[in-house]
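Both counts, for ligands and for their atoms, begin at 1 and track the order of listing.
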Amino acid sequence: MIGEWIEKYGTVFGVWIGNFLPYVVVSDADNIEKLLSTTNHIDKGKYDYSLLHEWLGTGLLTAPRTKWSARRKMLTPSFHFKILEDFMPIFNEQATILLDCLSNKENDGKSFDIFPYITRCTLDIICETAMGKKINIQTSLENEDYFEAVNGMCELILQKNTQPWLRFAPIYYLSSVSRHERDYLKKLKGFTLSVIKSRKADRATRNSETRNSNKGESEGIYGKERKAFLDLLLDASENGNVLTDADISEEVDTFMFEGHDTTAANLGWTTMLLAAHPECQKKVHEELDEIFKDDPTRDVTTADVSKMKYLECCVKESLRLYPSVPLIMRQIDHDIKLGNGKVMPQGATAFIVIYFNHRDPAHFPEPLKFNPERFSIENSTKRHPYAYVPFSAGPRNCIGQKFALLEEKVVLAKLFRTYSMEVTEKMEDVIPVPDVILRPKNGVNVAIRKRA
Ligand code: HEM
């Protein structure tokens, strides 16, 4: 529907919801830049993001202006490259488990939906990196409850978003949605708080042992060499930033929410697009064969990742066509003048449609074509900086983008080093569904064949 409106009314137009909620729909690079490039319009959409508050509190994603800048400053060092590098063994281990799980699907020529396998892998990765806890969702049913609660909560958020009457308290409390929500929240919050509690207890024991043995500073979950995000938050809270368990929990939950479905969706779309474009898949295979010619089965290092130039172009092109987060919102803080003399009025909510921005032929000729070469250095340096914003842009962009790209390149390298993939469905028939994230309606159906 939004696509039809954009065609009819242009890249900036106003919409009233129920005569009292003014929205401005924006889908062109120049006007997106006006909204995202400064700290002026830093608050997210009031009504829409409040759907996340029950689960995520006001962690970084949903934090109001007054809280956001201090939190962002505190959390930014946790995404430093050196820290992300320490997560490489987790990315490798979980990607290898994914290959094991797929082994009974290989070589039979039948297509199957690979998306649930990928989603379980990214959930295992984010749980271990965010909380330092292995939940083995790929291989066992011991934490299936938690998996169901994460997925169930994402579905409920979508339901509340698409059924606005559920926002009226009396209707909501009478609905089954509220009962399920209470159930899921109990499991999710209980899980995070119990991990925080046991982690704090471990640290206290270890600190007293360290004091007694006069050893150096405190250690992470895995010993001195690697810390989970939770460790870094606990360090920050000990170093003078006062963070309660509830504060820590909302940030960890935010990473869990933002950090697994988004990467799973992009991994799914990239897999599907490569399977549908054998000529591009061949180039990926050649690149990987060259990088891993010494040992095709060894783990992926950060040095390998930096050589995966073509694979990176494929991931970026996949995020252009199918951005995991297809739209975001901002509160317009003061009137913004447009070139045609009109204004985006103060108080309205800007609906920034990343999906259509990425399909603007002015910046991406033949926009529907999968063409990874668009992202080669020569082809991308002159592009408008706000024509491509899958991780949003400006001061409130995605804090996890480097983490996401590193994780995805490790998983894709392992997948495509091992397999050739084919699709039975034509890309033109695949329907993207804008759930909380953008996914293919019928999953990612591929047949996988082990490479010689
Ligand atoms: C392909 C993967 C990903 C995509 C496409 C993506 C996209 C985005 C987008 C578009 C935003 C802006 C949201 C808004 O303005 O409402 C955002 C924010 C955010 N993302 Fe990501 N994300 C990805 C992966 C991750 C990962 C792996 C993490 C954490 C480990 C993460 C953590 C966050 C957080 C905490 C914010 C809020 C930042 C703030 O408001 O200051 N994201 N992401």
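- Residue Val325 touches ligand 1 through its side chain alone, judged by heavy-atom distances below 4.0 Å.
- When non-hydrogen atoms are compared, ligand 1 lies under 4.0 Å from neither the backbone nor the side chain of Met329.
- Residue contacts with ligand 1 for Asn397 involve N, CA, C or O but no side-chain atom from C-beta outward (heavy atoms, distance under 4.0 Å).
- If you check which protein heavy atom lies closest to atom 25 (C) of ligand 1, you get Glu258 O, 3.6 Å.
- The shortest heavy-atom distance from Arg330 to ligand 1 is under 4.0 Å.
- Taking each of Phe403, Phe79, Phe391 in turn, the one with a heavy atom nearest to atom 9 (C) of ligand 1 proves to be Phe391.
- Both cation-pi conditions hold for Arg359 and Tyr355: the charged atom is under 6.0 angstrom from the six-membered ring centre and inside a 45 degree cone around its axis.
- Taking all heavy atoms of Ile354, Ile399, Ile437, Asn266 into account, the minimum distance to atom 34 (C) of ligand 1 is reached by Ile399.
- Contacts with ligand 1 closer than 4.0 Å are made by side-chain heavy atoms of Arg72 only, the backbone lying farther away.
- In this structure, Glu279 does not pair ionically with Lys282, as no charged nitrogen and carboxylate oxygen lie closer than 4.0 Å.
- Here the heavy atom of the protein found nearest to atom 14 (C) of ligand 1 is Lys44 NZ, 3.3 Å.
- Only the side chain of Ile328 comes within 4.0 Å of ligand 1, judged by heavy-atom distances.
- Contacts between Pro390 and ligand 1, counted as non-hydrogen atom pairs separated by less than 4.0 Å, involve the backbone only.
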